[in-house]
Every structure is written in C-alpha cells, then in structure tokens.
Amino acid sequence: MSLTDQAPTDRSPGALRTAPRRLFPALPGPLSLTAVRHGQSTANAAFHAAEAVGALDVGISCRDADLPLTELGREEARALGRWLAGRGDDGLPHSLWVSPYLRTQQTAALVVEELDRAGLPLPELCTDERLRDRELGLLEMLTSAAIELRHPEEAARRRLLGELRWRPPGGESHSDVALRVRSALRDLYEAEPDRRVLVVAHDAVVMLLRHVIDDLQETDLTTLARDGAVANTSVTRWLRDAKGALTLDCWNIRPHLTEG
C-alpha cells in the first residue's frame with residue numbers, strides 16, 4: 001500500500017497528545033525548587049486601591065525595578081522566613097535565586113535575616129536578571145481603566161490574543177517571559193544538582209515556571225489565572241521524583257500566614 005493509499009490520520013487538535021517529558025533530561029537537577037512571589041509592594045497596594053474605585057492613576061513615578069515593599073510586605077517576608085526556619089534542615093534552601101528588582105531583593109534579605117536569627121545555615125545568593133518581572137512597556141503603571149480609556153486598541157488586542165501571545169508596545173508577552181525563565185532554569189539545573197533552591201521573583205515568573213516545568217498549555221494557564229493571582233509570598237514547590245523529574249508538590253499556598 002502506498003502512502004497515498006493509507007487511511008487519513010486524525011489531525012484534529014483533540015487527537016494530538018504531547019508525550020510526558022523530563023525537563024533537561026541530561027541533568028540531575030535540584031532536589032527541590034521552591035518559588036515565591038515577593039511581599040506586598042507599594043505598587044501592589046496602590047493598584048489594589050486604584051482598581052477598587054476605577055481610578056486612572058496610581059500615583060507612582062519611579063521605575064518598576066525600584067518599587068520597595070510596604071510594611072505589610074516586609075512582615076509577609078519575615079513570616080515566610082520564620083516558616084522556612086521552622087521546617088528543619090530538610091526544608092532549608094541551599095541557595096537563593098532572586099530577581100534584581102528591589103522588592104524581591106528586600107523579600108530575600110528578610111527571609112535570610114529570619115534564618116540567621118534562628119541560627120541556621122544561610123543559603124548562597126544568586127541574583128539573576130532573567131527572573132525580573134514582566135515588562136509592560138507603554139502600559140506600565142496604568143490601571144485597567146486607564147488602558148481601556150487611553151489605549152482601547154491594545155485592550156481589545158489583549159482580549160483577542162490572550163496573555164501568552166499579547167505583547168504590549170515596548171513590553172513582553174508571557175511567551176517572552178517564558179523564554180528567559182527557561183534559560184534561567186537550564187543554568188539553575190547545571191549549577192544546583194542535588195540541592196534545594198528557593199526562587200524569589202514575581203507573579204508572572206512563578207506562573208511561567210508552571211508553564212515550563214509542568215508543560216502547561218495556554219488553556220491551563222488561562223484557567224490558573226482565572227482561579228486567582230499568584231499571592232504575595234505564596235509558596236509553589238516542586239520535588240524531584242524517583243525518575244529525576246521535578247513534580248509539583250504545592251501551588252500558591254501561604255501556610256506562613258495561616259498557621260498558628
């Protein structure tokens with residue numbers, strides 16, 4: 001029978017299945033990878049207040065990279081450090097991989113202070129530019145109401161394309177962020193074999209770690225986003241299984257703020 005005589009193959013999207021695969025299979029990788037979002041920043045607080053009343057301006061003029069933690073954010077970070085300190089030696093990170101932005105650096109420093117206060121071994125620090133927050137370009141520091149009013153064509157394009165594909169003028173799509181997250185992960189795997197790693201970054205980075213490590217598709221990411229944002233100082237953790245793959249252990253939890 002010739003190739004042209006063979007029965008047609010079902011090419012519908014539902015018939016296509018991605019085979020499970022191990023991330024960077026040639027590398028042993030870390031024992032565990034824990035990703036946390038920074039504590040509440042001044043922008044988080046300002047946007048929450050502005051969005052609640054449909055305001056157009058959040059009153060922030062500094063660079064995104066220079067936004068500090070609020071006092072609540074500092075306490076969230078301290079609570080995270082105390083929780084990590086209470087987990088014992090098996091739960092302590094050997095290293096910290098941190099975004100260079102001020103709010104993540106402050107979060108990491110406060111976590112380390114709590115570990116030091118408890119007399120525990122301190123993790124090695126690695127600041128990595130690829131873990132920075134998503135860049136929104138022209139739309140940076142604009143509320144949803146401001147985008148709808150001043151850039152209605154971009155608001156429409158965002159709804160049409162979705163966050164994974166939509167790239168704001170001068171900014172990044174989630175796919176763009178995923179590329180640099182994947183690059184950082186490869187270096188992390190090579191540098192941290194058989195070690196526990198804590199990543200302190202941003203909501204988009206944590207979400208796209210799920211995309212890369214768990215091989216999530218666009219619809220999965222949309223569902224995750226619809227279920228709720230990545231919370232400040234929330235914990236997402238993967239553990240290395242018997243086959244050497246990182247397997248999701250918990251997602252977007254905050255036991256340090258609910259225990260006790």
Query raised in the report: Can you tell me if R134 uses its side chain to pair, donor with acceptor, with the backbone of E172 under 3.5 Å?
Result: yes
Requested in this report: Working to the nearest 0.5 Å, report the span between CG of L110 and NE2 of H38.
Outcome: 13.5 Å
Query raised in the report: Is Y101 linked to L72 within one hydrophobic cluster, defined over Ile, Leu, Val, Met, Phe, Trp and Tyr using a side-chain heavy-atom separation of less than 4.5 Å?
Result: no
Query raised in the report: So which heavy atom on T104 is nearest to which on S99, and how close?
Result: OG1-O, 2.9 Å
Query raised in the report: So, does R157 use its side chain to make a donor-acceptor pair with the main chain of P152 at under 3.5 Å?
Result: no
Query raised in the report: Where the side chain of E76 meets the backbone of Q40, is there a donor-acceptor pair that is under 3.5 Å apart?
Result: yes
Query raised in the report: Taking atom types as modelled, is there a side-chain donor on T236 or N252 under 3.5 Å from an acceptor on the other?
Result: no
Query raised in the report: Between R103 and D133, is the closest basic N to carboxylate O distance under 4.0 Å?
Result: yes
Report task. Classify the side-chain pair N44/S41 by whether it contains a donor and acceptor separated by less than 3.5 Å. Result -> yes
Requested in this report: Look up atom CD in E135 and atom CD in E140, then write down how far apart they are to the nearest 0.5 Å.
Outcome: 8.0 Å
Requested in this report: Indicate the atoms forming the closest heavy-atom contact of A45 with T70, along with that distance.
Outcome: CB-CG2, 4.2 Å
Query raised in the report: Do M207 and V199 belong to the same hydrophobic cluster, where Ile, Leu, Val, Met, Phe, Trp and Tyr are linked whenever their side-chain heavy atoms lie under 4.5 Å apart, directly or via other members?
Result: yes
Report summary line: Scanning both residues in full, the closest heavy-atom pair of S95 with E192 reads OG-OE2, 2.9 Å
Query raised in the report: Charged N to carboxylate O under 4.0 angstrom, R78 versus E71?
Result: yes
Query raised in the report: Between E153, E163, R167, R165, which is the residue that forms a side chain to side chain contact (heavy atoms under 4.5 Å, CB included) with R158?
Result: E163
Report summary line: The complete set of salt bridge (charged side-chain N to carboxylate O under 4.0 Å, His left out) pairs with one or both residues in residues 39-57, sequence neighbours excluded, reads none
Query raised in the report: Would you say the side-chain atoms of R254 and S234 include a donor-acceptor pair closer than 3.5 Å?
Result: no
Requested in this report: Test side-chain contact (heavy atoms from CB on, under 4.5 Å) on D194 and R240 and set out the steps.
Outcome: CA-CA 9 Å; D194 301 320; R240 196 171 75 190; 2.8 Å; yes
Query raised in the report: Nearest 0.5 Å, what's the CG-CG distance between L122 and D116?
Result: 5.0 Å
Requested in this report: Please report the closest heavy-atom contact between G81 and L115, naming both atoms and the distance.
Outcome: O-CD2, 3.9 Å
Report summary line: In this structure, CG of L120 is separated from CG of L92 (nearest 0.5 Å) by 5.0 Å
Report task. Report yes if the side chains of D220 and L224 come closer than 4.5 Å at any heavy-atom pair, otherwise no. Result -> no
Report summary line: In terms of heavy-atom contacts, I147 and A155 come closest through CG2-CB, 4.1 Å
**Report entry** 4.5 Å side-chain heavy-atom contact, P93 and E124
**Finding:** no
Query raised in the report: If two hydrophobic side chains count as joined below 4.5 Å and joins carry through other members, does L31 share a cluster with W238?
Result: no
Query raised in the report: Does any pair with a residue in residues 33-42 pass salt bridge (charged side-chain N to carboxylate O under 4.0 Å, His left out), and if so which ones, sequence neighbours excluded?
Result: R37-D203
**Report entry** Transitive ILVMFWY side-chain link L239 to W251, under 4.5 Å
**Finding:** no
Query raised in the report: Taking C-beta and beyond as the side chain, do R132 and R180 meet within less than 4.5 Å on heavy atoms?
Result: yes
**Report entry** Short N-O contact, E154 and R159, less than 4.0 angstrom
**Finding:** no
Report task. Evaluate the side-chain contact (heavy atoms from CB on, under 4.5 Å) criterion for residues D187 and R130: first the C-alpha distance (whole Å), next the side-chain angles of each, then the deciding distance (0.1 Å), finally the verdict. Result -> CA-CA 11 Å; D187 287 351; R130 293 168 295 184; 2.9 Å; yes
**Report entry** Charged tip of R87 within 45° of W83 ring normal and under 6.0 Å
**Finding:** yes
Query raised in the report: Taking the side chain as C-beta and beyond, is there a heavy-atom pair between L33 and L185 under 4.5 Å?
Result: yes
Query raised in the report: Is there a path from V36 to L67 through hydrophobic residues (I, L, V, M, F, W, Y) whose side chains come within less than 4.5 Å of each other?
Result: no
Query raised in the report: CG/D66 to OG1/T42 distance, rounded to the nearest 0.5 angstrom?
Result: 10.0 Å
Query raised in the report: Where is the tightest heavy-atom contact between L221 and H211, given as atom of each residue plus distance?
Result: CD1-ND1, 3.6 Å
Query raised in the report: Are T34 and V235 close enough that some pair of their side-chain heavy atoms sits under 4.5 Å apart?
Result: yes
Requested in this report: Could you check D128 against V98 for side-chain contact (heavy atoms from CB on, under 4.5 Å), going step by step and ending with a plain yes or no?
Outcome: CA-CA 6 Å; D128 197 304; V98 188; over 6 Å; no
Query - CA sep, side-chain torsions, deciding dist, call: E114, L84, side-chain contact (heavy atoms from CB on, under 4.5 Å) - result: CA-CA 9 Å; E114 293 299 327; L84 288 170; over 6 Å; no
Query raised in the report: Are side-chain heavy atoms of L131 and W97 found at a separation under 4.5 Å?
Result: yes
Query raised in the report: With side chains defined as the heavy atoms from C-beta onward, is the minimum distance between L142 and H151 less than 4.5 Å?
Result: yes
Report task. Enter the distance from L102:CG to L69:CG here, rounded to the nearest 0.5 Å. Result -> 7.0 Å
Query raised in the report: Ion pair present between K243 and D241, side-chain N to carboxylate O less than 4.0 angstrom?
Result: no
Query raised in the report: Tell me, do P123 and V112 make a side-chain contact under 4.5 Å, heavy atoms counted?
Result: yes
